[in-house]
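Worksheet for the structure shown next.
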Amino acid sequence: MLLTLSACPPFSLRAIIGSHGWVQLAPFAADPQATLLTRVERLESGRVVELHIREARGGVAVEVRDSLTGAEREEVSRKVWWMLGLGEDLSPFYTLARQEPHLAHVEPQALGRILRSPTLFEDAVKVILTTNTAWSGTQRMVEALVTRYGDPLPTNPARNAFPTPAQIAASDEETLRTIGLGYRAPSILSLARRVAEGSLDLEALKRDSLPTPEIHRRLLAIPGIGHYAAACLLMLIGRYDHLPVDSNAYRMVSQEWYGGRPVSRSEIEAQFEHWGDWKGLAYWFWAWSRED
DNA sequence: GGTAGACCTGGACGC
DNA sequence: GCGTCCAGGTCTACC
């Protein structure tokens, strides 16, 4: 079964695949040339399918090697549309970026969209698992969660879908610690249980009607999510007015503008303040003079 | 508002 | 092989 979806131009699937490390985290995968994005996905019907996403004229083609019902086709379209930000219009950002040599590359390369998970729950879990660990640790922890709790793909049981909140919620803190989540285990378990029981509606935070400060406040109230993680999640729902300041930001900003001396968080914020609603994207895609 | 220390793990390094 | 040190962001206590 093949679905075609159009995107707001300019569009590049390769740019989205390379936008950050999400493609390296299960159940995403891509080919070395970044022309094919795959993902094992559990549909609301309970079926587990593999999505094969390629760039097509004006958007993407999504192949699923199973026949889907009408509702399942609609669900796949909706999820891919969100994951790739197909409806996102970044023209105001590009207008500003044209004036900045360090961002002159973004529009020609169609940079700006950031690969997302279908649910904010999955993105929140993954963001928590990026904190206070090396990237290899994040990959190991996500792999452990997906392998242990996610439903297997029938045609290849070695690959699993990302677990639902209920699947993680049914576990316990000790088991989550055992599979390598360490001190993050209670945060992940608490998040899964609150989403599963309905006391925390993360998907509601994607709605346009909520002001960014309110979404930011609600994200910070989640155990395990601090300023960095909240800013990352805001970026992932298309709100770019917060900077995800991590240890790398301190190094890069120090080298870029302060001659290598230690900088404070407020000095980092000051360098991107004039980008207003687009400061997150400006920071994310900035062509640093010195890459470490 | 800023700072210090605990949390946990893997990797690098020295012996 | 073993022990030590370090990196990474959040949270809490404290100033």
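All chains are named by letter (A, B, ...) in the order of the sequence lines, taking the proteins before the strands, and each is independently numbered beginning at 1.
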- Pairs meeting criterion side-chain hydrogen bond (donor to acceptor under 3.5 Å, both in side chains) with involvement of residues 4-18 of chain A, two or more places apart: none

- Query: Is it true that A/Glu214 and A/Arg217 have a side-chain N and a carboxylate O under 4.0 angstrom from each other?
  - Reply: yes

Between the protein and nucleotides 12-15 of chain C, which nitrogen or oxygen pairs are less than 3.5 angstrom apart?
none

- Item | Cationic N near anionic O, under 4.0 Å, A/Glu267 to A/Arg261 | yes

- Using five pairs at either end of the helix from B/dG1-C/dC15 to B/dC15-C/dG1, determine the angle between the two local helix axes and round it to 10 degrees. 40°

- Using the benzene-type ring in the case of Trp, are the ring centres of A/Trp286 and A/Phe272 under 6.0 Å apart? yes

- Are the aromatic ring centres of A/Tyr250 and A/Trp257 under 6.0 angstrom apart? no

- Do NZ/NE/NH1/NH2 and the carboxylate oxygens of A/Arg47 and A/Glu75 come within less than 4.0 Å? no

- Message: With salt bridge (charged side-chain N to carboxylate O under 4.0 Å, His left out) as the test, pick out the partner of A/Arg159 among A/Glu50, A/Glu143, A/Glu41.
- Response: A/Glu50

- Does A/Phe162 have any ring-ring contact (aromatic ring centres under 6.0 Å, His included) partners at least two apart in sequence or in another chain, and if so, which? none

- Item | A/Glu107/A/Arg98 salt bridge by N-O under 4.0 Å criterion | yes

- Message: I'd like the 5' and 3' limits of the part of DNA chain B contacted by chain A, with heavy-atom contacts below 4.0 Å.
- Response: B/dC7 to B/dG10

- When you check the gap from the basic side-chain N to the acidic O, do A/Arg193 and A/Glu197 get nearer than 4.0 Å? no

- Salt-bridged, A/Arg65 to A/Glu63, with N to O below 4.0 Å? yes

- Item | nucleotides 4-10 of chain C: protein proximity per nucleotide (B base, S sugar-phosphate only, - neither; heavy atom, under 4.0 Å) | ----BBS

- Of A/Arg113, A/Arg239, A/Arg116, which is the lone residue that meets salt bridge (charged side-chain N to carboxylate O under 4.0 Å, His left out) with A/Glu88? A/Arg116

